[in-house]
J.: 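For reference, the structure I am asking about is given below.
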Amino acid sequence: MPRITLFDESGNRKYLNPEEREKFYQATADVPKDWRMFGLMIYFTGCRLSEALNIKIKDIDFSGGAVTIGTLKQRKSGVYRQVPLSDDFLRSLDNSFDLRILQKKNSKTRNQFIWGWSRRHGYQVIKKIMDKAELEGVYAMPKGLRHAFAIACLDKGLPLNMVQKWLGHSSIETTAIYANAVGKEERKLAAKLWQH
């Protein structure tokens, strides 16, 4: 049975809405570049905090335009997925860390983590970006950003199975929970009831 819930026990939503997600994106422009790239990696991929922290230099595929993410939530190790990245974000990553140059070095260098941070520090970075964006509440955390990514994908009409793959869910039923969030399409349908 899927365990993802989009609301806490008090009925507060646990995901950023589109306007809040945009505020987070805008706030990344006012933080150090390593924080910005970290926040945007979660923003653009919906990966879990620990998964972002485990991305290595070798995991950025410039020719394929994607990042390979080790899925940490599934019971068996060695489960990977690729999530596409925009050309602009890939350029920003490269400009921030010289990744293309580092990928040409020895295997020890290629196997280094992009962000050599602890989980606690990574969490604090996301929280500080949320603070800068003036976002607060149960949704103003890394998981809220992940949930918002999934909802944004479905709101844009991306197929459920693709969203499942990108999020690293083993079951499509887990991903389907995100379809319960009220989005633009649902409001358009409901608007038919409001017409006189």
J.: Restricting to non-hydrogen atoms, name the atom on F89 and the atom on S86 that form the minimum distance, rounded to 0.1 Å.
T.: N-OG, 3.0 Å
J.: Hey, could you give me the CE/CE distance between M130 and M141, rounded to the nearest 0.5 Å?
T.: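 So the CE of M130 and the CE of M141 are separated by 8.5 Å.
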J.: Would you check if P84 and M162 make a side-chain contact, meaning some heavy-atom pair closer than 4.5 Å?
T.: no
J.: I'd like to check L49 versus K143 (side-chain heavy atoms, cut-off strictly below 4.5 Å). Are they in contact?
T.: no
J.: Is there side-chain contact between L154 and I151, with at least one heavy-atom pair below 4.5 Å?
T.: no
J.: Can you tell me how far CD of Q112 sits from CG of L102, rounded to the nearest 0.5 angstrom?
T.: 7.5 Å
J.: To the nearest 0.5 angstrom, please state how far the CE atom of M41 sits from the CG atom of L53.
T.: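 Those atoms lie 11.0 Å apart.
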J.: Could you pull out all donor-acceptor pairs under 3.5 Å where a side-chain atom in residues 20-32 meets a protein atom, sequence neighbours excluded?
T.:
from, atom 1, to, atom 2, distance (Å)
E20, OE1, R13, NH1, 2.7
E20, OE1, R13, NH2, 3.4
E20, OE1, N17, N, 2.8
E20, OE2, R13, NH2, 3.0
E20, OE2, Y139, OH, 3.2
R21, NH2, Y43, O, 2.8
E22, OE2, Q26, NE2, 2.5
T28, OG1, Y25, O, 2.6
T28, OG1, R36, NH1, 2.7

J.: Transitively linked via ILVMFWY side-chain contacts under 4.5 Å: L72 with F113?
T.: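 No, because L72 and F113 fall into different hydrophobic clusters, even though each may have its own neighbours under 4.5 Å.
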J.: Heavy-atom distance under 4.5 Å between the side chains of I114 and I57, does that happen here?
T.: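 Counting from C-beta outward, I114 and I57 do come under 4.5 Å.
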J.: Only pairs at least two apart or in different chains count here, so list each ring pair (Phe, Tyr, Trp, His ring centres under 6.0 Å) that has a residue in residues 119-138.
T.: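 For residues 119-138, and leaving out neighbouring residues, the ring pair (Phe, Tyr, Trp, His ring centres under 6.0 Å) pairs sorted by first residue read W117-H121.
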J.: Return the OG1 to NZ distance between T109 and K56, rounded to the nearest 0.5 Å.
T.: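 Rounded to the nearest 0.5 Å, the OG1-NZ separation comes to 12.5 Å.
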J.: State, without any angle test, whether S92 and N95 hold a side-chain donor-acceptor pair at a distance under 3.5 Å.
T.: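 N95 and S92 do not have a side-chain donor-acceptor pair below 3.5 Å.
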J.: Of all the heavy-atom pairs spanning T71 and E51, show the shortest one and how long it is.
T.: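 In this case the closest contact between T71 and E51 is CA-OE2, 3.5 Å.
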J.: Nearest 0.5 Å, what's the CG-CG distance between L93 and L99?
T.: 6.0 Å
J.: Is the shortest heavy-atom distance from the side chain of F62 to the side chain of D94 under 4.5 Å?
T.: yes
J.: Hey, does the side chain of S10 reach the backbone of N12 with a donor-acceptor pair shorter than 3.5 angstrom?
T.: no
J.: For L167, does its backbone N or O pair with a side-chain atom of R146 as donor and acceptor, under 3.5 Å?
T.: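 At least one qualifying donor-acceptor pair exists.
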J.: If hydrophobic clusters are built by linking Ile, Leu, Val, Met, Phe, Trp and Tyr wherever their side-chain heavy atoms come under 4.5 Å apart, do I101 and I55 end up in the same one?
T.: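 Result: no, two separate clusters.
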J.: In the structure I gave you, are the side-chain heavy atoms of Y178 and F149 within less than 4.5 Å of one another anywhere?
T.: no
J.: Applying side chain to side chain contact (heavy atoms under 4.5 Å, CB included), name anything that partners A66, two or more places apart in sequence or on another chain.
T.: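 Testing A66 for side chain to side chain contact (heavy atoms under 4.5 Å, CB included), a comparison that skips the adjacent residues, returns Q82.
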J.: Taking the side chain as every heavy atom from C-beta outward, state whether F38 and I126 have any pair of such atoms under 4.5 Å apart.
T.: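 Yes; the side chains approach each other to less than 4.5 Å.
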J.: If you round to the nearest 0.5 Å, how far is CD1 of I69 from OG of S50?
T.: 12.5 Å
J.: Is any side-chain heavy atom of W166 closer than 4.5 Å to one of T45?
T.: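 A side-chain contact is absent here, since even the closest heavy-atom pair is not under 4.5 Å.
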J.: Using 4.0 Å as the upper bound for N to carboxylate O, is an ion pair formed by R91 and D88?
T.: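 Here D88 pairs with R91 in a salt bridge, since their nearest N and O are under 4.0 Å apart.
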J.: What pair of heavy atoms forms the shortest contact from C47 to I42, and how long is it?
T.: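 Heavy atoms only, the tightest pair is O-CG2, 3.6 Å.
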J.: Would the number of heavy atoms belonging to other residues, nucleotides or ligands and lying under 6.0 Å from NZ of K132 be above 12?
T.: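 Open.
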J.: What are the two closest heavy atoms between G39 and I129, and how far apart are they?
T.: CA-CD1, 4.3 Å
